[in-house]
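Right, one structure below, let's go through it.
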Amino acid sequence: MKDDNSQKLFNEARKVIPGGVNSPVRACRSVGMDPVFITRGQGARLWDEDGQSYIDYVGSWGPLILGHAHPAVIAALETAISQGTSFGAPTGTEVKLAELLVECVPSLEMVRLVNSGTEATMTAVRLARGVTGRSYIIKFDGCYHGHADSLLVAAGSGVATLGIPGSPGVPEVLARLTISLPYNNLKPVKEAFQSFEGQIAAIIVEPVAGNMGVVLPQEEFLPGCAELARENGALFILDEVITGFRLGLNGAQGRFGLDPDLTCLGKIIGGGLPVGALGGKKDVMSHLAPEGSVYQAGTLAGNPLAVAAGLATIETLKADPSIYDRIEKLSQTLAEGLLKEAKKAGLAVTGHQIGSMSCLFFNPGPVTDYASAANSNLDMFACFYKAFREAGIYLAPSQFETTFVSAAHTESDIEKTLAAAPAVFKNLT
Ligand SMILES: *Cc1c(COP(=O)(O)O)cnc(C)c1O
């Protein structure tokens with residue numbers, strides 16, 4: 001029987017891990033399936049417990065821009081691990097990573113390394129509140145900024161997938177301080193600054209939304225947010241946990257010419273190990289302890305293994321920036337090809353793509369915000385996901401996620417994927 005070992009493990013897992021998974025979307029519930037358990041990854045391929053191989057477009061949800069087990073990352077890890085796994089003391093390599101981040105990401109003057117994207121955004125919000133002495137923050141519906149209490153409001157992705165409005169356990173007094181507004185619409189932002197005059201600490205935004213499917217920012221939206229924040233004495237926080245080093249070495253801020261006060265990073269900068277970072281202007285960052293009074297700490301922060309994997313990843317990208325052009329072309333071929341095949345089959349779909357990020361909405365569009373993304377045909381997405389997985393193509397199991405192409409993908413991988421598409425789409429009609 002197919003999927004036998006994964007099924008057995010999943011049954012075991014459910015006894016000792018809530019839902020059998022350590023992060024909700026992995027459970028594949030929204031597509032009505034059970035997850036496959038993975039044993040190994042190499043390049044653009046994954047293998048499951050039953051020996052089935054997949055072309056992987058999840059890339060561990062974004063970090064693996066170089067693909068699985070990239071030789072430079074593995075070599076760096078082997079060198080680092082032979083020296084020990086954690087010291088809880090400063091190291092030269094964490095300084096090197098911080099310098100590299102400051103060099104690459106235009107708005108960064110200082111950075112603090114943390115252990116996850118969630119920690120980065122949580123700290124960014126605390127810092128913004130600490131620096132401004134204000135309590136409210138603005139976020140956008142469908143943008144996911146990790147699972148810290150203040151940010152788990154209208155949070156897209158896993159939350160959207162599970163249909164949980166926010167989450168029980170987030171105190172209402174805290175959630176009330178988070179103003180969630182529709183993406184790509186400046187008018188409500190302006191109005192919020194009027195209604196809550198002098199009380200808004202920051203706007204936090206994904207420069208390209210990657211947790212409600214891929215939703216692109218309209219031209220005026222991000223500069224408009226930056227300007228409104230500045231005019232009103234609030235900080236402008238870019239959550240580049242996905243887009244940092246994904247949309248180029250300079251991230252989305254380089255691509256769109258933005259100059260945020262604070263930037264949150266994660267995913268790629270850890271090369272597949274748990275890392276996040278919070279960076280920004282010196283006058284803001286210097287409020288962090290021990291230089292300033294806003295507290296933040298981490299037993300394993302700046303962990304030498306995570307830092308080694310991150311350094312190797314970023315140095316590899318920096319040594320050959322043509323990687324970005326190559327993966328962008330592959331991503332374009334994939335997104336355009338899927339859109340074309342879906343339309344040929346008579347489906348009402350909308351395709352979005354930028355750099356190596358893409359998404360096919362089962363939705364006639366236009367998709368510009370969470371409300372329009374949520375209007376997608378999720379049953380159709382579920383069938384699409386299932387048929388592709390059975391054809392050995394591994395996509396994120398939710399309409400509200402991003403398809404990632406890595407440097408390890410080849411034209412032949414994209415061709416194989418597109419070759420499977422006509423049969424998949426034909427079955428959906
Ligand atoms: C993944 C993600 C986070 C959270 O990062 P974790 O490492 O999962 O905590 C925050 N913001 C965005 C935009 C993300 O995609």
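Both counts, for ligands and for their atoms, begin at 1 and track the order of listing. Computed from a predicted model, the values in this text were never measured in an experiment.
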Legend entry - Exceeds 12 heavy-atom contacts within 6.0 angstrom, atom CD of E219: no
Inset, instruction - Answer yes or no: are there more than 12 heavy-atom neighbours, outside I81 itself, under 6.0 Å from its atom CD1? - result: no
Contacting atoms of ligand 1, where contact means under 4.0 angstrom from a heavy atom of [X]:
X    : value
Y144 : 11 (N), 12 (C), 13 (C)
I242 : 15 (O)
E206 : 13 (C)
S116 : 7 (O), 9 (O)
D239 : 10 (C), 11 (N), 12 (C), 13 (C)

Legend entry - Sub-6.0 Å ring centroid separation between F404 and Y57: no
Inset, instruction - Mark the output for E240 as yes if a heavy-atom distance to ligand 1 is under 4.0 Å, and as no if none is. - result: no
Inset, instruction - Answer with yes or no whether the side chains of Q52 and D48 bring together a donor and an acceptor at under 3.5 Å. - result: no
Legend entry - Exercise: do S135 and R129 side chains pair donor with acceptor under 3.5 Å: no
Checking a contact table here: which protein heavy atom is nearest [atom], and how many Å away?
atom                   : result
atom 6 (P) of ligand 1 : G117 N, 3.5 Å
atom 3 (C) of ligand 1 : V241 CG1, 3.7 Å
atom 2 (C) of ligand 1 : K267 NZ, 2.6 Å

Legend entry - T118 and ligand 1 - part of the residue with a heavy-atom distance under 4.0 Å: both
Inset, instruction - Mind checking whether H145 contacts ligand 1 via backbone (N, CA, C, O), side chain (CB onward), both or neither, at a 4.0 Å heavy-atom cut-off? - result: backbone
Legend entry - Side chain N363, main chain S372, donor-acceptor under 3.5 Å: yes
Legend entry - Given D259, T263, T243, the one that forms side chain to side chain donor-acceptor pair (under 3.5 Å) with Q253: T263
Inset, instruction - Hey, can you tell me if F362 and F381 have their rings parallel, tilted or perpendicular (30° and 60° cut-offs)? - result: perpendicular
